[in-house]
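Counting from 1, the numbers follow the sequence of the chain as shown.
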Amino acid sequence: MEAEVLEFLQADRHAILATNGRNGSPQLTPVWYVFEDGVLYVSAQTKTVKVKNLRRDATVSVCIDGGRGDARYVVLSGKAELIEPGESQKALRWQIVRHYYAEEAEAKRYYETVQDTIGAIISLRAERMVLSGF
């Protein structure tokens, strides 16, 4: 992967995760993520529609855009895997939260409010990647 694209994906951008609804229509959710070693990780509550959709159909697309004034974007698509709630995914949940806070103390305050919620991690190693503006 080109350094410029990797740098783009590792910034603290928001992403839109698309799963397939029961009736086949896309279900879109803004999400926080971490991109590491070619894998995109997203934290999600287990009772959300996106997780219910993934249990039925693991096909996803994720669009990460540059934001205001930056027309670049990356779309990742493929079959996602769920890392079920448990000790093994707590470090990933913390890593995702920490990624979006400049100050560790702020990240800790937020994490304390969500750490006991039942959450899974959505993992995606893209089978297809679309780049624009690079």
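Between Phe35 and Leu9, the shortest heavy-atom distance links the atoms CB-O, 3.7 Å. Across every non-hydrogen atom of Ala107 and Arg98, the tightest pair is CB-CD, 3.8 Å. Annotation for Ala15 and Ile64: closest pair CB-CG1, 3.6 Å, computed over non-hydrogen atoms.
Under the 4.5 Å side-chain criterion, counting only non-hydrogen atoms from C-beta, Val62 is in contact with Leu124. At a threshold of 4.5 Å between non-hydrogen side-chain atoms, the residues Ile96 and Val42 do not count as touching. A 4.5 Å side-chain heavy-atom check between Lys50 and Val31 finds at least one atom pair inside the cut-off. Contact check for Asp70 versus Arg13: side-chain heavy atoms found under the 4.5 Å cut-off. Contact check for Pro30 versus His14: no side-chain heavy atoms found under the 4.5 Å cut-off. Side-chain contact between Met129 and Val74 is present, with at least one heavy-atom pair separated by less than 4.5 Å.
With hydrogens and angles ignored, the 3.5 Å screen pairs no side-chain donor or acceptor of Arg93 with any backbone N or O of Ile121. Not a single donor-acceptor pair under 3.5 Å links the side chain of Arg125 to the backbone N or O of Gly78. A donor-acceptor pair is defined here as one N or O able to donate and one able to accept, closer than 3.5 Å; no such pair exists between the side chain of Arg128 and the backbone of Leu76. For the pair Tyr100 (side chain) and Tyr33 (backbone), a donor-acceptor distance under 3.5 Å is present. Between the side chain of Arg109 and the main chain of Glu112, no donor-acceptor pair closer than 3.5 Å is present.
Side-chain contact check for Gln95 and Glu36: at least one donor-acceptor pair (N or O, by modelled atom type) lies under 3.5 Å. Residues Thr19 and Gln27 have side chains that bring a donor and an acceptor to within less than 3.5 angstrom of each other. Side-chain contact of Asp57 with Asn20: a donor-acceptor pair under 3.5 Å is present, judged by distance alone. Judged purely by distance below 3.5 Å, without hydrogens or angles, the side chains of Trp32 and His99 never pair a donor atom with an acceptor atom.
The local environment of CD in Glu4 is crowded, with over 12 non-hydrogen atoms from other residues, nucleotides or ligands closer than 6.0 Å. Crowding of Tyr111 atom OH: a count of heavy atoms from other residues, nucleotides or ligands under 6.0 Å exceeding 12. Under a cut-off of 6.0 angstrom, the local environment of CD in Glu127 is crowded, with over 12 non-hydrogen atoms contributed by other residues, nucleotides or ligands. By the neighbour-count criterion of 12 heavy atoms within 6.0 Å, atom CG of Asp37 is sparsely surrounded, having that number or fewer from other residues, nucleotides or ligands.
Here the OG atom belonging to Ser61 is positioned 12.5 Å from the CD1 atom belonging to Ile16, to the nearest 0.5 angstrom. Here the CG-OG distance, from Leu92 to Ser123, works out to 8.5 Å after rounding to the nearest 0.5 Å. Between Ile122 atom CD1 and Leu54 atom CG the span is 5.0 Å, to the nearest 0.5 Å.
Note on Val60: it does not cluster hydrophobically with Val49, by side-chain heavy-atom contacts below 4.5 Å among ILVMFWY residues. Hydrophobic clustering places Val39 together with Val5 (ILVMFWY residues linked when any side-chain heavy atoms are closer than 4.5 Å, directly or through intermediates). Using a 4.5 Å cut-off between side-chain heavy atoms of Ile, Leu, Val, Met, Phe, Trp and Tyr, with links allowed through other members, Leu40 and Val130 fall into different hydrophobic clusters.
Scored by the salt bridge (charged side-chain N to carboxylate O under 4.0 Å, His left out) test, Lys90 finds Glu87 as partners (sequence neighbours excluded). In this structure Arg55 satisfies the side chain to side chain contact (heavy atoms under 4.5 Å, CB included) test together with Thr46, Val51, Leu82, Glu84, sequence neighbours excluded. Partners of Tyr41 under the ring-ring contact (aromatic ring centres under 6.0 Å, His included) rule, at least two apart in sequence or in another chain, do not exist in this structure.
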Should Phe134 and Phe8 be marked as a ring-ring contact (aromatic ring centres under 6.0 Å, His included) after you check the CA-CA gap, both sets of side-chain angles, and the distance that decides it?
CA-CA 10 Å; Phe134 291 92; Phe8 179 87; 5.1 Å; yes
